[in-house]
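Single-structure report; data block below.
The first residue in the sequence is number 1, and the count goes up from there.
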Amino acid sequence: MEQAVIILDEGAKDVGLADMLFNLIRQNLEQKPHRLSSFRTLNSNVVIVAKDIDITVTLAFNKGRLTVFDGMAGEADLKIIADHETILELSLIKISMGLPNYFDRNGRDILKKLLLGNLKIGGMLKHPLQLVHLTKLFSVN
């Protein structure tokens, strides 16, 4: 089985959020190899904006390959806008029966932030399966 290819772009090496997401996804795939199918399925640009620290990174997924860029790279299929703490909280969503669980405390907190506008996910209605696969890659649970 082919290994996942995850690259931290040269221009993103000094960007803390880019480095953190790069390592989070890499470690999650090492510890949970059953999530490789989600990694290979993703074929989209995910732009993540940490508005409180004014940092934007792009996760460019291409069916088994991920490049993490500083700033916006290409068109965004999914665009996540939140403060950096909320972005970190996305990694705490539990996965049960292959899907994100929004019914425990952390999941409800994420839903509440979505409803209140503290977390915005552009493209989630247009690309719901991409969002599910992304959530699986983010989740440490």
Side-chain angles (χ1 to χ4, degrees), residues 1-115 117-141:
M1 196 177 261
E2 208 175 297
Q3 285 295 334
V5 176
I6 304 175
I7 300 162
L8 183 60
D9 184 69
E10 198 60 43
K13 289 199 162 110
D14 293 330
V15 180
L17 181 63
D19 188 56
M20 192 267 314
L21 292 169
F22 166 80
N23 284 307
L24 173 76
I25 293 171
R26 189 178 51 77
Q27 289 168 358
N28 279 349
L29 288 174
E30 285 171 7
Q31 293 166 4
K32 299 171 181 67
H34 59 280
R35 295 196 182 156
L36 273 168
S37 61
S38 280
F39 184 76
R40 289 192 186 100
T41 300
L42 273 167
N43 188 26
S44 56
N45 275 353
V46 179
V47 174
I48 300 175
V49 179
K51 59 185 181 186
D52 60 326
I53 55 176
D54 199 28
I55 291 178
T56 299
V57 298
T58 300
L59 307 178
F61 290 95
N62 188 356
K63 296 187 175 183
R65 184 179 178 93
L66 165 63
T67 306
V68 181
F69 295 99
D70 179 26
M72 192 144 163
E75 288 288 312
D77 298 299
L78 292 170
K79 188 171 188 179
I80 299 170
I81 303 170
D83 59 64
H84 74 283
E85 278 188 28
T86 300
I87 292 166
L88 294 176
E89 285 171 19
L90 294 174
S91 70
L92 300 176
I93 290 180
K94 288 188 172 52
I95 305 295
S96 44
M97 296 185 293
L99 293 170
N101 177 0
Y102 293 104
F103 301 105
D104 64 358
R105 198 180 104 211
N106 188 62
R108 285 191 308 270
D109 287 348
I110 294 293
L111 284 178
K112 185 176 174 186
K113 288 181 180 195
L114 261 172
L115 292 170
N118 299 330
L119 167 63
K120 294 182 177 120
I121 305 177
M124 74 179 183
L125 298 177
K126 191 173 179 185
H127 302 286
L129 291 177
Q130 297 287 308
L131 182 59
V132 168
H133 291 302
L134 180 70
T135 304
K136 286 182 187 180
L137 296 180
F138 272 19
S139 176
V140 295
N141 294 308

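With values rounded to the nearest 0.5 angstrom, H84 atom NE2 is found 13.0 Å from D54 atom CG. To the nearest 0.5 Å, atom CD1 of residue I93 and atom NZ of residue K136 are 13.0 Å apart. Atom-to-atom distance recorded for I25:CD1 and S139:OG is 12.0 Å, nearest 0.5 angstrom. Atom NZ of K94 is separated from atom CZ of R105 by 9.5 Å, given to the nearest 0.5 angstrom. Rounded to the nearest 0.5 Å, atoms OG (S91) and CG (N28) are 8.0 Å apart. Taking CD1 of I95 as the reference point, atom CE of M97 lies at 11.5 Å (rounded to 0.5 Å).
A donor-acceptor pair is defined here as one N or O able to donate and one able to accept, closer than 3.5 Å; such a pair exists between the side chain of N45 and the backbone of A73. N141 places a side-chain N or O within 3.5 Å of a backbone atom of L92 that can act as its donor or acceptor partner. Under a 3.5 Å cut-off, the side chain of D83 and the backbone N or O of T86 do form a donor-acceptor pair. A donor-acceptor pair under 3.5 Å is absent between the side-chain atoms of R35 and the main chain of L137, judged by distance alone.
Summarising the geometry of I87 relative to A82, their closest heavy-atom pair is CD1-O, 3.9 Å, with the distance given to 0.1 Å. Considering all non-hydrogen atoms of both residues, I110 and Y102 come closest at CG2-CE2, 4.2 Å. The shortest heavy-atom contact between G71 and T58 is O-OG1, 2.7 Å. Shortest non-hydrogen contact noted between V68 and A12 is O-CB, 3.7 Å. Here the closest heavy-atom approach between residue F138 and residue L21 is recorded as CZ-CD2, 3.9 Å. The shortest non-hydrogen separation linking G117 to K51 is O-NZ, 4.4 Å.
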List the steps and the verdict of side chain to side chain contact (heavy atoms under 4.5 Å, CB included) for Q130 and L42.
CA-CA 6 Å; Q130 297 287 308; L42 273 167; 3.1 Å; yes
Side chain to side chain contact (heavy atoms under 4.5 Å, CB included) assessment of T67 paired with F61:
CA-CA 7 Å; T67 306; F61 290 95; over 6 Å; no
May I have the step-by-step check of side chain to side chain contact (heavy atoms under 4.5 Å, CB included) for T56 and V47, ending in yes or no?
CA-CA 7 Å; T56 299; V47 174; 3.6 Å; yes
Worked verdict on L66 versus V5 for side chain to side chain contact (heavy atoms under 4.5 Å, CB included):
CA-CA 6 Å; L66 165 63; V5 176; over 6 Å; no
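Side-chain contact check for I121 versus L131: some heavy-atom pair is nearer than 4.5 Å. Between I81 and L119, every side-chain heavy-atom pair lies at or beyond the 4.5 Å cut-off. For the pair R65 and I6, the minimum side-chain heavy-atom distance is 4.5 Å or more.
R26 and N23 are linked by a side-chain donor-acceptor pair at a separation below 3.5 angstrom, with hydrogens and angles left out of the test.
Enclosure of atom NZ in K112 is not indicated, since only 12 or fewer non-hydrogen atoms of other residues, nucleotides or ligands lie within 6.0 angstrom. Heavy atoms of other residues, nucleotides or ligands lying less than 6.0 angstrom from CD of E30 number more than 12.
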